[in-house]
Each structure stands twice: as structure tokens, then as C-alpha cells.
Amino acid sequence: MIRFIIVVIVVVGFLILSIPILIFEWILGKFNPRLRDISSLRLVQNVFKLVLFVSGTKATIIGAENVPQNEAVLYVGNHRSFFDILLTYSRCPGLTGYVAKDGMEKIPLLSHWMKRLYCLFLNREDIKEGLKTILKGIEQIKAGISMCIFPEGTRNKVPDAPMLPFKEGSLKMAEKTGCAIIPMAITNSAEIFENHFPKIRSAHVILQYGKPIYPKELSKEDKKFLGAYTQKVIQGMLDEHKTLSIK
């Protein structure tokens, strides 16, 4: 429980102490929006790295060279834990917005930072509103801001269960912009927290980035079912992880 308490103190402490920082960055954005964006990105990345450190998380990173450094992409990954977001966001080389469930928009301060970092809130019950979110994501990618989505639609909460089917609509952001899809395979992240809630335990996590997938280079059939194709690539990486030691 000690790790859990420390993580809560770090997160809550940051949200409270960041109030004046949000005000400062709002002012900074009036003069230099780009500097404000990079400042926000690096600040939150460092907080996430601190949370991962105090939680005792050890990460093995594979395929980091597959992530383009100077172009907007669509990150796509499997989803087992809240820590998937901390683990992946802390490694983004440039501005990246995450697609989150709309319920998170109601959380004070946290939602302010998420909006500041170009995150979008998806209403999974309203198709029309969901489409608006995807269209906004397309706009952001065209503006040079990467996006990240977990196409299973929710955290897969059953240990060792196969991935939930990817929702094809979530890959429209890559299909309509032509940007690269960066498949991400994450193994053992639920061992940090979810598998023994409310305790946080030291865990060894694997994060693997696959080679960029460019929709225009795929066959007509694979383009039609881009979600299924990307899921198959991620599953292949997850299968590889079974041969690796994560003790």
C-alpha cells in the first residue's frame, strides 16, 4: 500500500500545484503556442516517469527505432492497465493526444491538462458524437499532432484473455490522413496495479513498437479491415513476448 499512497500523493500534489502552471502556460501560449505545447508535454512526461519510478516499474523497450521522430503518427495498442498511458506517453517524441472515454472530461484539473495536451474525449454510446471525435483527431494529425488510441474500446480486465476485437472506426484517423500507424504491444502492465487492486507492486513490463504501417501500402482487403490487420500485427508481438523473461 505504501507505493499506492506515494503515487496518489505525487498525482494529487501535481494537479494541485500545477494550477499556477496552467495559468502561466495559458499566458505563454498567447506569445508562443509551440513553446507552451512542448513545455506542457515535457512537464507531464517527467511526472509520468516519476510515477513509474515510485511504482517500481521496470520497462523493457523494443523497437524504439520504429517510431518516427518528425512526423505525426497514430499510435495503436492493446490495453490492460491505466499504466499503459503513463508508459507510452512518457516516451512520445512529440505532441501526442490520446483518445479517452468521455467520463474523464468531468474530472477537475485532470481534464484541463488532458485538453492542454490535445487529448480527445470519446462518447462510445453516441455514434454521431463519436464520429466528431474521430474527425477532430484527423484534424490534429493533419496539424502535426500525433494521436494514440486503444481500439479495444476499454481496458481488457480478464487476465491472460485474448484482445477484444479492434473497432474499425478508430483507425479512420490513419486511413483519412495517410499517416503511419505505429503498433504497440504491451505485456504485463496489469501486474502494476489492476491485478491486485488497490496495491501497486513492482513489475516488469514490455513495450514493443512495431514497424510503421502505411495504409496506402496495404492490399485492398487489408485496407478494408485495417483494425483487424493492425490487431494481428500486435498479437504477433505479444506472442513473441511469451518467450522473453519478465521477472
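Along the sequence shown, the residues carry numbers beginning at 1.
- A 6.0 Å sphere centred on CZ of R34 holds no more than 12 heavy atoms belonging to other residues, nucleotides or ligands.
- Remark: E129 engages K132 in a salt bridge, criterion side-chain N to carboxylate O under 4.0 Å.
- Counting heavy atoms from C-beta on, the side chains of Y209 and R91 come closer than 4.5 Å.
- Rounding to the nearest 0.5 Å places CG of L218 at 7.5 Å from OG1 of T230.
- Cluster membership check: I182 does not share its hydrophobic cluster with M173, using side-chain heavy-atom separations under 4.5 Å among Ile, Leu, Val, Met, Phe, Trp and Tyr.
- Side-chain contact of S81 with D84: a donor-acceptor pair under 3.5 Å is absent, judged by distance alone.
- Here the shortest heavy-atom pairing between L120 and T133 reads CD1-O, 3.5 Å.
- Counting heavy atoms from C-beta on, the side chains of K58 and V205 never come closer than 4.5 Å.
- Here the straight-line distance linking atom OG1 of T96 with atom CG of L117 works out to 9.5 Å at 0.5 Å rounding.
- Two residues are said to be in side-chain contact when any heavy atoms from C-beta on lie closer than 4.5 Å; L238 and T187 meet this criterion.
- Distance check: K172 NZ to L135 CG gives 11.0 Å after rounding to the nearest 0.5 Å.
- Of all heavy-atom pairs spanning S55 and R3, the tightest one is O-CD, 3.3 Å.
- No hydrogens or angles considered: a donor-acceptor pair under 3.5 Å links the side chains of R116 and S40.
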Legend entry - Worked check of side chain to side chain contact (heavy atoms under 4.5 Å, CB included) between L226 and D222: CA-CA 6 Å; L226 191 53; D222 288 335; over 6 Å; no
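- A single hydrophobic cluster is seen to contain both M163 and V99, as judged by linkage of ILVMFWY side chains at heavy-atom distances under 4.5 Å, directly or through other members.
- When atom types are taken as modelled, the side chain of Q231 and the backbone of L164 share a donor-acceptor pair closer than 3.5 angstrom.
- Placement of I213 and I62 in two distinct hydrophobic clusters is found when ILVMFWY residues are connected by side-chain heavy-atom separations under 4.5 Å, directly or transitively.
- Remark: the backbone N or O of G227 is paired with a side-chain donor or acceptor of E168 at under 3.5 angstrom.
- Of all the heavy atoms in C179 and A72, the pair that sits closest is CB-O, 3.6 Å.
- With respect to K242 and D239, a salt bridge is recorded, a charged nitrogen being found less than 4.0 Å from a carboxylate O.
- When side chains are defined from C-beta on, L15 counts as touching V11, because their heavy atoms get closer than 4.5 Å.
- Other residues, nucleotides and ligands contribute only 12 or fewer heavy atoms inside 6.0 Å of the NZ atom of K101.
- Residue F193 is grouped with residue M1 when hydrophobic side chains (ILVMFWY) are merged at heavy-atom distances under 4.5 angstrom, including chains of intermediate members.
- What you find for S170 and I134 is that their closest heavy atoms are CA-CD1, 4.3 Å.
- Here the CG-CD distance, from N66 to Q208, works out to 8.5 Å after rounding to the nearest 0.5 Å.
- The shortest distance between side-chain heavy atoms of C148 and M184 falls below 4.5 Å.
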Inset, instruction - Take K199 and F4 through the side chain to side chain contact (heavy atoms under 4.5 Å, CB included) test and state the conclusion after the steps. - result: CA-CA 6 Å; K199 295 181 180 179; F4 177 80; over 6 Å; no
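- The pair K115-E105 meets the salt-bridge criterion, since a charged nitrogen lies less than 4.0 angstrom from a carboxylate oxygen.
- With contacts defined as side-chain heavy-atom distances shorter than 4.5 Å, the pair L43/W113 qualifies.
- The pair E139-K142 does not meet the salt-bridge criterion, since no charged nitrogen lies less than 4.0 angstrom from a carboxylate oxygen.
- In terms of heavy atoms, I200 sits closest to F83 at CD1-CZ, 4.2 Å.
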Inset, instruction - Take I234 and V76, measure what side chain to side chain contact (heavy atoms under 4.5 Å, CB included) needs, and give me the verdict at the end. - result: CA-CA 9 Å; I234 293 173; V76 177; 4.2 Å; yes
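- In this structure, the side chain of E194 engages the main chain of F82 through a donor-acceptor pair within 3.5 Å.
- Of all non-hydrogen atoms in I181 and P215, the two that sit nearest each other are CD1-CG, 4.3 Å.
- Between I206 and M237, every side-chain heavy-atom pair lies at or beyond the 4.5 Å cut-off.
- The structure places CZ of F150 at 13.5 Å from CG of L122, a figure rounded to the nearest 0.5 Å.
- Proximity of a side-chain donor or acceptor of E191 to a complementary backbone N or O of H204 within less than 3.5 Å is not detected.
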Inset, instruction - Check the pair L52, S90 against side chain to side chain contact (heavy atoms under 4.5 Å, CB included), reporting the backbone distance first and the verdict last. - result: CA-CA 10 Å; L52 290 169; S90 62; 4.0 Å; yes
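- Taking the six-membered ring where the residue is Trp, Y98 and Y89 present perpendicular rings, their angle passing 60° and hence far from 30°.
- Clustering ILVMFWY residues whenever any of their side-chain heavy atoms sit less than 4.5 angstrom apart, transitively, puts Y229 in a cluster other than the one holding F225.
- Atom CG of D126 is separated from atom CG of D102 by 9.5 Å, given to the nearest 0.5 angstrom.
- By the 4.5 Å heavy-atom criterion applied to side chains, H112 and S18 are not counted as neighbours.
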